Each structure stands twice: as C-alpha cells, then as structure tokens.
Number of protein chains: 2
Amino acid sequence: MQPTGNPNVSRETIICTVDVVLLSLKDAALHVALLRREHEPFAGALALPGGYVRADEDEDTESAAARILFEKTAIVSPYLEQLATFSGRARDPRGWSISVAYYALVPASLLELEHHPEIQLLAVDPLKGLPFDHRDIVQAAVARVRSKSSYSSLPVFLCGEQFTLPQLQAVYEALLGESINKVSFRRKMDELDILEPVQGARETGRANRPAQLYRLKQAYRKLLSTTDRAINPD
Amino acid sequence: MQPTGNPNVSRETIICTVDVVLLSLKDAALHVALLRREHEPFAGALALPGGYVRADEDEDTESAAARILFEKTAIVSPYLEQLATFSGRARDPRGWSISVAYYALVPASLLELEHHPEIQLLAVDPLKGLPFDHRDIVQAAVARVRSKSSYSSLPVFLCGEQFTLPQLQAVYEALLGESINKVSFRRKMDELDILEPVQGARETGRANRPAQLYRLKQAYRKLLSTTDRAINPD
DNA sequence: CTAATAGTGTCTCTAAGACATTATGTG
DNA sequence: CACATAATGTCTTAGAGACACTATTAG
C-alpha cells in the first residue's frame with residue numbers, strides 16, 4: 001500500500017492462494033480433512049484443500065476460501081475464520097507465495113464418507129508427511145481452536161444442530177485434553193446464555209435418564225460468542 | 001495452493017502489500033504512527049506505513065513489514081506480530097489487493113519527535129479520515145492488543161527498557177481502560193515471573209518512597225509470555 | 001427391583017479485591 | 001516534622017471444583 005516505486009515495474013510474481021483447514025471431531029479426537037492432489041507439485045500427496053485466489057470472481061480471500069472449500073468438498077461450513085497468512089519463497093516450489101489460511105469447523109455428521117469419498121480424515125495429533133508448510137498451518141489451526149475453546153462457544157460448531165450437554169462437554173474435553181467439572185461446565189454454559197433447550201426433545205434409547213437436547217440460540221447460529229473465561233478445565 | 005488450471009494463465013493481477021500498525025502510549029492513550037503519503041492514491045493523506053512485498057528481497061511478509069517499517073521510520077520494533085490479512089477489490093483503487101497487516105509496539109521514548117519528524121501520532125480512540133481500509137486495520141490491531149493485554153505481558157513492550165511497577169500498572173490500566181487492584185496486579189506479575197528487579201536502581205527525585213526499577217528477564221526480551229489470565233481488571 | 005447416566009444442591013477451597021499498615025523518600 | 005507514594009500483610013468475598021444426592025429412563 002505504498003507509493004515508492006512504480007507498481008508497473010517488472011517484479012517477480014507473487015503466487016496468491018488460500019488454504020482451508022477443515023476440522024472435525026472423530027472418535028473424540030480432532031481430525032483434519034485432506035484431499036489427494038491431482039497436479040504438480042506434490043501430485044498424489046494428501047494436502048489441505050486450497051487454490052488460487054481469483055481476482056475476477058472472488059470478493060475477498062474469505063469468499064475465495066468458501067468457494068474453494070465448496071468446489072472441492074461440496075461443504076458449506078457454518079464456521080469459517082481467517083487463521084493467518086503464510087508466505088515466503090521456500091514454502092512452494094513454484095515460487096514466492098502467499099497463502100491466506102482459513103479454518104472451518106464442522107460436525108462429523110457432515111463428513112459422512114459415503115457423501116464425501118474424496119475426503120481423507122487424518123488425526124491431527126501425530127501429523128506428518130504433508131506437503132508445502134501444511135503441517136505448520138494445521139498446527140496453527142489446532143492451537144487456535146484449542147485456545148479459543150477454553151473461553152468461547154466455538155466447540156458447538158463441532159456438534160450437530162442439536163446436542164445434549166453431556167455430549168457438548170465431551171467435545172470440550174476432547175479439545176482441551178482434560179476432564180471438566182460437570183457443575184462448573186453447566187454453570188458456564190448457563191452464563192454464556194447461548195443455548196436453548198429444544199422443548200420436548202430428549203436423547204432416548206439408553207437405560208438411563210434421558211438428556212435434554214439443546215441447540216444454539218438463533219442469534220448465534222452463525223456467530224461466535226467470546227465471553228471471557230467461559231470454560232475452564234478442572 | 002491448488003493445481004486446478006494453469007498458473008501461467010493470464011489473470012487479473014493481485015497487488016500484494018503489507019501495512020504496519022505501529023502503536024505507542026502517549027498521555028496515557030494509545031496512539032498510532034501515521035505517515036503522509038507521497039504518491040497516489042491518496043497522496044498527501046495520513047496513512048499507515050506500508051508498501052509492496054518484494055519477492056526478490058523479502059524472505060516473507062514479516063521481513064517485508066520489518067523492512068518497510070525501517071525504511072519509512074528508521075525504527076526496529078522489538079515486538080512485531082502478524083495481525084490479519086485484508087483483501088478484496090474495494091479496499092484499494094488500484095485494483096484487487098491483499099494487505100498482510102502487522103502490528104508493532106514501541107515505547108514512547110522511541111518516537112521522540114525530533115528524531116522522527118515524519119511520524120504523526122494520532123490517538124486511536126476517535127479515529128477517522130484514514131484512506132483505504134486503514135481504519136479497520138488499526139481498530140483490529142487495537143482490539144488485539146487490548147484483548148491480549150488482559151492475559152499476557154504484551155504491555156511491557158510499551159514501556160522503556162526499565163520501568164517501575166506503578167508505571168507498568170498505569171500502562172495496563174490505560175490499555176484496559178479500567179483501574180486494576182494494586183495487590184492483584186503485583187501478585188500476577190510475580191506469578192508471570194518475567195520481570196527482574198534492577199539491583200540498586202530506583203526511581204528517584206520525588207517526595208516519596210522511591211520505586212524499584214524492573215526490566216524484562218533476558219529470556220523474554222524478544223518474546224511474549226502468554227500465561228493465562230495474568231492480569232484482570234478490578 | 002437394579003443399573004446407568006442426567007441433573008442439581010451444597011460445601012470447600014482457592015484466588016481476586018478491599019483495606020489497612022508499614023516503608024522510605026523529599027522538603 | 002509532614003506529606004506522598006511504594007510495598008506488603010491480611011480480611012472479605014466471589015467463583016470454581018468436589019461430592020453427594022435426587023431424577024428418570026431401560027430392562
């Protein structure tokens with residue numbers, strides 16, 4: 001955004017891309033959605049869904065991320081947020097590049113394999129063998145989600161539309177890696193004031209008292225609450 | 001980062017820039033450093049220091065930010081962190097652009113006007129009249145700094161190399177906009193364990209008990225501690 | 001009935017804030 | 001000495017965790 005020099009002067013091209021870290025919870029562990037690359041570089045390798053920013057059709061990089069995610073996985077994520085920008089000469093063999101990374105959270109039900117056979121879910125914990133700097137990007141996304149989880153309602157986006165409080169607590173515990181005091185958890189959820197019981201809806205079928213089903217209040221369906229210190233581990 | 005299409009296909013150019021939000025504390029209020037633009041667009045207007053990313057000389061966008069900040073203000077900031085990336089067609093009249101924004105914190109002493117006559121310090125509170133989307137960028141930086149201040153040692157970068165605890169507390173209070181309990185503040189600083197007293201150094205000259213001078217411990221000189229819930233307002 | 005988990009009441013304990021007291025400089 | 005602010009000791013209070021007890025289903 002500066003005037004020094006002539007913008008039309010010939011310079012080395014900068015490659016502008018976006019990458020999307022699509023996260024979901026499977027078997028109580030965070031997994032990232034990867035796709036097999038069809039073209040060079042790294043053809044055949046599993047990598048984050050990503051692509052070039054198209055100045056002629058994308059409004060900004062966020063819409064580019066949403067477009068690419070949809071084109072490649074047919075998924076529209078209810079939660080998509082900018083993570084950070086990764087740049088430099090070394091990260092892409094094609095040349096000096098910028099990748100604006102986004103992360104998305106979706107419930108596992110959205111990733112049913114029969115509907116998305118092209119998606120490979122890989123646990124984020126021992127993550128290795130990714131091309132480019134995709135490992136760094138995924139780790140940054142995981143760190144962000146874990147960090148935000150302790151003081152926000154982010155994890156609800158990993159649940160389906162309706163869920164019980166014990167289910168939601170299990171999601172928080174999976175993200176934070178620690179067990180949470182049940183009473184404290186419910187107190188915090190009550191304070192956050194973002195959930196509403198689904199009248200008459202209970203989780204039935206098991207040999208115990210059925211749990212009340214909840215859902216995000218309408219006002220928060222597409223929004224994230226960031227009330228401070230909402231959830232704390234034991 | 002995707003292979004669909006040919007990277008050599010002719011596309012609308014994307015302008016790659018960085019902008020730096022240089023923040024400092026003056027008269028107990030956050031101020032941002034602005035420069036008068038020499039060239040179009042918005043020649044003559046006060047704007048953030050920024051410039052084109054140079055693939056031929058910058059290692060990544062962070063070094064580009066450091067380079068541009070130094071070229072334009074001769075300042076090397078001890079704290080420089082990526083803020084977010086702003087993009088789209090509308091933000092720059094020259095065309096579809098990406099700006100990777102960084103923010104820096106420096107003590108007011110570094111901005112002595114006699115050494116940096118080109119810098120205009122503007123209070124961030126009623127901020128208006130900035131070109132591009134620089135107002136959004138500054139507001140994002142201010143929000144980030146205020147948010148991080150409540151649980152980290154970030155504000156020490158707004159102090160000089162040595163400072164007293166009452167001075168540091170005043171900085172936290174200016175950032176958070178609330179007064180802090182003195183005992184709690186000192187307890188937290190003690191827990192953070194990032195400061196060390198400068199032996200024998202006291203702030204003298206006033207008609208009261210002199211305050212002990214402190215400095216960041218060596219290990220943190222260039223680092224940020226992010227211990228959770230470090231500082232809380234009253 | 002028992003088994004199992006949901007949901008809640010309440011006590012304890014930790015940590016933050018309020019307040020008072022002591023410490024140490026200047027004039 | 002008075003006065004001002006630094007630094008610290010300690011009491012009060014709010015909030016988080018532990019734990020126990022009640023509620024409600026299946027079988």
Side-chain angles (χ1 to χ4, degrees), chain A residues 28 149-153 156 159-160 162-174 176-215 227-234, chain B residues 28 149-153 156 159-160 162-174 176-215 227-234:
Chain A
S149 292
S150 52
Y151 61 88
S152 82
S153 62
V156 300
C159 295
Q162 298 188 5
F163 45 86
T164 68
L165 286 183
Q167 283 169 358
L168 183 59
Q169 180 172 351
V171 170
Y172 274 91
E173 290 174 336
L176 299 174
E178 325 179 55
S179 60
I180 301 174
N181 180 284
K182 181 168 62 166
V183 179
S184 298
F185 179 77
R186 283 158 183 264
R187 270 198 293 245
K188 283 301 175 187
M189 280 299 144
D190 194 49
E191 283 170 22
L192 269 185
D193 198 31
I194 53 172
L195 302 182
E196 61 186 7
V198 183
Q199 293 306 329
R202 283 141 184 276
E203 187 201 37
T204 181
R206 282 189 306 168
N208 54 27
R209 173 171 173 177
Q212 173 68 51
L213 283 168
Y214 290 82
R215 65 177 166 221
T227 303
D228 262 14
R229 286 173 293 161
I231 297 299
N232 287 292
D234 255 335
Chain B
S149 292
S150 53
Y151 61 88
S152 81
S153 62
V156 300
C159 295
Q162 297 188 7
F163 45 86
T164 69
L165 286 182
Q167 284 169 356
L168 183 58
Q169 179 171 352
V171 170
Y172 273 92
E173 288 174 338
L176 298 173
E178 325 180 55
S179 61
I180 302 174
N181 180 283
K182 181 169 63 167
V183 179
S184 298
F185 179 78
R186 283 159 183 263
R187 270 198 291 245
K188 283 301 177 187
M189 280 300 144
D190 195 49
E191 284 169 22
L192 271 185
D193 199 32
I194 53 173
L195 302 182
E196 60 184 9
V198 184
Q199 293 305 330
R202 281 140 186 278
E203 186 201 37
T204 180
R206 282 188 308 167
N208 53 28
R209 174 171 172 178
Q212 173 67 51
L213 283 168
Y214 289 83
R215 67 178 165 217
T227 303
D228 262 13
R229 285 174 295 163
I231 297 298
N232 289 290
D234 255 334

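Only this structure's heavy atoms are used, side chains among them; waters, hydrogens and symmetry mates stay out. To find a chain, count down the sequence lines: A is the first, B the second, and so on, and within it residues start at 1. Keep in mind that this is a model prediction, so the values were computed, not measured.
- One can place CD1 of I180(B) at 12 Å from P of dA18(C), the figure rounded to the nearest angstrom.
- Using a 4.5 Å heavy-atom threshold, the side chains of Y172(B) and M189(B) count as touching.
- At whole-Å resolution of the value, CD in E203(A) and C1' in dT5(C) are 10 Å apart.
- Across the protein-nucleic acid pair, M189(A) atom CE and dT8(C) atom P stand 15 Å apart, rounded to whole Å.
- Here Q212(B) lies in heavy-atom contact (under 4.0 Å) with sugar-phosphate atoms only.
- Once rounded to the nearest 0.5 Å, the distance linking OG of S153(B) with NZ of K188(B) reads 13.5 Å.
- When the P atom of dG7(C) is taken as reference, atom CZ of R187(A) falls 16 Å away, rounded to whole Å.
- Looking at the side chain of S184(B), the nearest of the listed nucleotides dA16(C), dA16(D), dG7(C) is dA16(C).
- Rounding to whole angstrom units, CD of residue Q167(B) and C1' of dA7(D) are separated by 15 Å.
- Under the rule for a side chain to side chain contact (heavy atoms under 4.5 Å, CB included), the partners of E173(A) that lie at least two apart in sequence or sit in another chain are Q169(A), S179(A), I180(A).
- L168(B) places its CG atom 12 Å from the P atom of dA7(D), with the value rounded to the nearest Å.
- Here L168(A) contributes atom CG and F185(A) contributes atom CZ; the two are 4.0 Å apart, rounded to the nearest 0.5 Å.
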Letter by letter from the 5' end, nucleotides 19-27 of chain D scores (B base, S sugar-phosphate only, - none; protein heavy atoms under 4.0 Å) B---BBBS-

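- Atoms CZ (F185(A)) and C1' (dG15(D)) sit 17 Å apart, rounded to a whole Å.
- Summarising the geometry of A28(B) relative to A174(B), their closest heavy-atom pair is O-CB, 3.5 Å, with the distance given to 0.1 Å.
- Atom P of nucleotide dA15(C) and atom NZ of K188(B) are separated by 8 Å, given to the nearest angstrom.
- With sequence neighbours left out, P197(B) forms a side chain to side chain contact (heavy atoms under 4.5 Å, CB included) with Q199(B), Q212(B), Y214(B).
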